[in-house]
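Notes for the one structure printed next.
These numbers come from a predicted model, not from an experiment.
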Amino acid sequence: QVQLVESGGGLVQAGGSLRLSCAASGRTLYSSVMAWFRQPPGNEREFVAAISRRTGTTSTADSVKGRFTISRDNAKNTVYLQMNSLKLEDTAVYYCAADQSGGSWSDQEKYRTWGQGTQVTVSS
């Protein structure tokens with residue numbers, strides 16, 4: 001079984017930065033694609049960014065493009081989400097996802113393994 005452990009969340013002022021980490025451990029992941037999703041208060045979970053650990057190819061949601069960057073360190077089995085210029089609307093629980101079964105990287109139904117989530121709160 002694989003475990004995904006997120007870290008790096010917290011409270012930050014608008015305009016600030018945070019870096020989230022997602023460390024994978026256990027069995028080999030079925031897919032090279034890993035992603036970040038988020039669930040704002042009272043809203044559905046939404047796609048943020050994804051990366052192929054094999055090629056480094058990335059995909060980023062329009063709402064965070066230019067502010068958030070996804071990256072990976074294969075030696076550490078870790079994926080990162082660098083979040084800059086944070087806005088109040090970025091407040092959410094951020095989830096790491098893996099074991100993507102093909103198709104659209106932004107489709108959360110395609111991911112079979114999820115982390116427990118880490119809270120990011122942006123204050124004014």
Fill in: Residues which pass side chain to side chain donor-acceptor pair (under 3.5 Å) with Y94, listed by chain and number, not counting sequence neighbours
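Per chain and number, Y94 pairs via side chain to side chain donor-acceptor pair (under 3.5 Å) with R38.
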
Discussion item. Tell me every residue that passes side chain to side chain donor-acceptor pair (under 3.5 Å) with T55, counting only those two or more places apart in sequence or in another chain.
Written reply: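 So T55 forms a side chain to side chain donor-acceptor pair (under 3.5 Å) with S52, T57.
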
Heavy atoms, side chains only, cut-off 4.5 Å: are [X] and [Y] in contact?
X	Y	value
V48	T60	no
C22	W36	yes
Q108	E46	no
L18	V120	yes
N74	R72	yes
V93	R45	no

Verify the cluster assignment for [X] and [Y]: are they in a single hydrophobic cluster under the rule of side-chain heavy atoms below 4.5 Å apart?
X	Y	answer
F68	V122	yes
V33	V79	no
L20	M34	yes

Worksheet item: Taking only residues two or more places apart in sequence, or in another chain, which ones meet K65 in a salt bridge (Lys or Arg N to Asp or Glu O under 4.0 Å)?
Response: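 Only D62 meet the salt bridge (Lys or Arg N to Asp or Glu O under 4.0 Å) criterion with K65.
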
Fill in: With sequence neighbours excluded, residues passing salt bridge (Lys or Arg N to Asp or Glu O under 4.0 Å) with R27
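Salt bridge (Lys or Arg N to Asp or Glu O under 4.0 Å) check on R27 returns D99.
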
Worksheet item: Which heavy atom in S31 sits nearest to a heavy atom in R53, and how many Å separate them?
Response: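 The answer is O-NH2, 3.1 Å.
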
Item to complete: May I have all residue pairs that pass ring-ring contact (aromatic ring centres under 6.0 Å, His included) and include part of residues 99-124, sequence neighbours excluded?
Response: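 Sorted pair list: F37-Y111, F37-W114.
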
Could you list the donor-acceptor pairs under 3.5 angstrom formed between side-chain atoms of residues 3-17 and any protein atom two or more places apart in sequence or on another chain?
unit_1, atom_1, unit_2, atom_2, d
E6, OE1, Q116, N, 3.0
E6, OE1, Q116, NE2, 3.3
E6, OE1, G117, N, 2.9
E6, OE2, C96, N, 2.7
E6, OE2, G117, N, 3.3
S17, OG, N84, OD1, 2.9

Worksheet item: Looking just at side-chain N and O atoms, do T121 and Q119 make a donor-acceptor pair shorter than 3.5 Å?
Response: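 Indeed, the side chains of T121 and Q119 share at least one donor-acceptor pair under 3.5 Å.
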
